[in-house]
Amino acid sequence: MDYTFSKRERLDPLSNAVVEIYTHQRRGLTVYYWPKQRFKQHFAAFLVHVGASKLQIYDAETQRIVKLPYGTAHLLEHMLLSRQRANTEFFEALEELYEAGVDVNAFTSYDHSLFYLNATQNAERAVESLLSTLLSSDFDPDALEREKKVIACEAAIYEEMPENCAFLAAMAALFPGSAISVDIIGENDSIVDVDLRLLRTLHQQAYSPREMTLLLCGDYAIESLLVRLDKILDSLPSPSLGPQLDVETEELASPDIEGVSRVYVELDSRKPYAVLAYRDPYFDQGQKLRGIDRARRQILVELSLELLFSNASSFYQRALDAGLIDDSFSVDYQCYENFATASLSGYTRDPEALMKMVEETIENRHETEDLSPLSFERQKRYLLGTYLRDQDSIDCISDWLCNAALLGINRMYYASMLKELRFDEIDAALESVLINSKVALAVASKSIKRR
């Protein structure tokens, strides 16, 4: 068929699966397609590298750098999927697909927005309609005011969620005055004065095909779909040749913390919810991690924390027996381009006692079998096995594709990176993230007991 996408393929050496990669030669849209023949479910997602931590853009009309209020990227996400558009030509097709059972949704994180759909029929048409919708900035003024009210309702709900309040309080202590400490939807009516012109300026820069990645998994008629996408892309006006400032990420100030910063949030919670958060000091001098290096650090630290604190660890059993945690307890590490955090969180009867047990576990980590070469190799085998099993699930493959695209790597690197990890790197990772970092303990509770 006649289309202007170039094609290359990548082979996963562990499973022999092949991912097809297409790039539009004029508009730059990249498509990752993981074929799953004879599967009824179809997944598609458009990944846009603009999230809540992107705070300034270049306005070509005024030739000035414009600061974006907190929550602007999330508001734009809402507007793009609004059922009320000034130009309904594109969205009418998507409305029909809603009626046919196509599930379309979206979310915004700190560094990206993702628009995704699941379908068992009409999948190619759904992808075509979604792309058309995302490329159009014909917003309705009435829809803008309505979406602001919807977001205000979201904010009211999030303000009553202990896990959300404690997490944001911890981030405010570790990243003072930054977007990381603010809810993705904004704060204190920050989006009230956002107008259509500002949204269109952000849309013009962030939602160009060259800045978007399309991820597909399922049994698509890929040739036919590419022809459809080609027609949409070729119908776009020529891109502006004026100065284009990348949507900048803010610089992160280092907090003035000695010891542990304790933050308390009064909230009507059945029992205290605690977040013990660590700011990864790797980024404190302005360093950035991209691609393979970022992915490798994510895997390494994540594996280290799992060995020491997962529900299979001796720590978990001791804390459970002592009544300090329940099944809400979780361990997490999130590595972004310019910052990273490790956190342990959950409901607890005594946040201070839980933090003390965590500190003792870290200090005595060399004395536990959880952090041994045998446990390390066992966990690697488990992760590799999970990786292979996940390839029988379109939902799991979709998650893998999205994470790999966000990191800027080929998903096929995961298995080889995991195999190459060495045990001696585990202790170094734990020490670098948990020993020499800034620490915050945030507690959301009805009755605050400070120490």
Side-chain angles (χ1 to χ4, degrees), residues 24 26-29 44-51 54 57-62 66 68-69 71-100 102-108 112-117 122 124-152 185-186 191-214 225 228-242 244 247:
H24 195 269
R26 289 192 293 274
R27 300 300 184 184
L29 175 69
F46 286 94
L47 178 69
V48 183
H49 292 275
V50 170
K54 314 296 185 178
I57 55 174
Y58 180 80
D59 187 337
E61 184 174 322
T62 62
V66 178
L68 298 174
T72 304
H74 176 255
L75 175 58
L76 179 55
E77 170 222 308
H78 269 242
M79 290 296 294
L80 285 165
L81 287 190
S82 168
R83 291 173 179 263
Q84 183 179 350
R85 299 289 294 268
N87 184 340
T88 60
E89 177 184 352
F90 293 138
F91 207 73
E92 283 176 355
L94 203 56
E95 279 291 314
E96 293 177 13
L97 296 169
Y98 276 116
E99 297 298 326
V102 176
D103 177 32
V104 183
N105 214 327
F107 68 85
T108 299
H112 72 282
S113 297
L114 189 77
F115 300 80
Y116 60 95
L117 64 85
N122 299 318
E124 291 81 11
R125 186 181 173 200
V127 174
E128 176 188 13
S129 298
L130 183 55
L131 176 60
S132 295
T133 300
L134 297 181
L135 293 176
S136 171
S137 60
D138 291 321
F139 304 131
D140 187 289
D142 293 336
L144 175 60
E145 296 310 311
R146 188 190 68 245
E147 293 303 329
K148 288 180 180 179
K149 292 177 182 177
V150 171
I151 292 172
I185 65 178
I191 61 172
V192 167
D193 295 327
V194 174
D195 58 18
L196 291 180
R197 184 179 179 280
L198 182 60
L199 287 178
R200 287 176 179 138
T201 301
L202 175 58
H203 178 272
Q204 180 183 13
Q205 291 195 28
Y207 284 76
S208 69
R210 196 170 299 277
E211 302 300 325
M212 300 166 68
T213 303
L214 171 57
L225 176 58
R228 295 184 183 199
L229 300 183
D230 197 36
K231 290 179 180 178
I232 295 173
L233 296 172
D234 281 345
S235 68
L236 296 174
S238 298
S240 170
L241 297 179
Q244 287 274 58
V247 185

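Positions are given from 1 along the sequence.
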Inset, instruction - For the pair S113 (side chain) and V48 (backbone), establish whether a donor and an acceptor sit closer than 3.5 Å, ignoring hydrogens and angles. - result: no

Legend entry - Distance in Å, L225 CG paired with L214 CG, rounded so as to fall on 0.5 Å steps: 7.0 Å

Inset, instruction - Taking the side chain as every heavy atom from C-beta outward, state whether P69 and L75 have any pair of such atoms under 4.5 Å apart. - result: no

Inset, instruction - For the residue pair E77 and T108, confirm or rule out a side-chain donor-acceptor distance under 3.5 Å. - result: yes

Inset, instruction - Without swapping roles, check the side chain of R27 against the backbone of L233 for a donor-acceptor pair under 3.5 Å. - result: yes

Inset, instruction - Taking the side chain as every heavy atom from C-beta outward, state whether L130 and L117 have any atom pair closer than 4.5 Å. - result: yes

Legend entry - S129 (side chain) donor-acceptor with A126 (main chain) under 3.5 angstrom: no

Legend entry - Closest non-hydrogen atom pair, A106 against Y116: N-CE2, 3.9 Å

Inset, instruction - Could you give me the CA-CA distance, side-chain angles and deciding distance for L131 and M212, then say whether side-chain contact (heavy atoms from CB on, under 4.5 Å) is met? - result: CA-CA 10 Å; L131 176 60; M212 300 166 68; 4.3 Å; yes

Inset, instruction - Measure from the ring center of F46 to the ring center of H112 and say whether it is less than 6.0 Å. - result: no

Inset, instruction - Could you go through the side-chain contact (heavy atoms from CB on, under 4.5 Å) check for D140 and E147 one step at a time? - result: CA-CA 11 Å; D140 187 289; E147 293 303 329; over 6 Å; no

Inset, instruction - Might you point out which heavy atoms bring S132 and I232 nearest each other, and give the distance in Å? - result: OG-CD1, 3.3 Å

Legend entry - Shortest non-hydrogen contact between G51 and A73, atoms and distance: O-CB, 3.6 Å

Legend entry - Closest non-hydrogen atom pair between L144 and V194, with its separation: CD2-O, 3.7 Å

Legend entry - From L135 atom CG to Y207 atom OH, the distance as rounded to the nearest 0.5 Å: 11.0 Å

Inset, instruction - Could you tell me whether D195 atom CG has more than 12 heavy atoms of other residues or ligands within 6.0 Å of it? - result: yes

Inset, instruction - Evaluate the side-chain proximity of E128 to N122: yes if any heavy-atom separation is below 4.5 Å, no if none is. - result: no

Legend entry - Q205 side, atom CD; E211 side, atom CD - distance, nearest 0.5 Å: 9.0 Å

Legend entry - Inter-residue atom distance L76.CG - L202.CG, 0.5 Å rounding: 5.0 Å

Inset, instruction - Would you name the heavy atoms of L196 and P141 that are closest together and state the gap between them? - result: CD1-CG, 3.8 Å

Inset, instruction - Step by step, work out the side-chain contact (heavy atoms from CB on, under 4.5 Å) result for I191 and I185. - result: CA-CA 9 Å; I191 61 172; I185 65 178; over 6 Å; no

Legend entry - Min side-chain heavy-atom separation F115-T133 under 4.5 Å: no

Legend entry - Atom pair CE (M79) and NZ (K148), whose distance is rounded to the nearest 0.5 Å: 9.0 Å

Inset, instruction - Examine distances only and state if a side-chain atom of H203 and a backbone atom of L134 form a donor-acceptor pair shorter than 3.5 Å. - result: yes

Inset, instruction - For the residue pair T201 and Y58, establish whether any side-chain heavy-atom pair is separated by less than 4.5 Å. - result: no

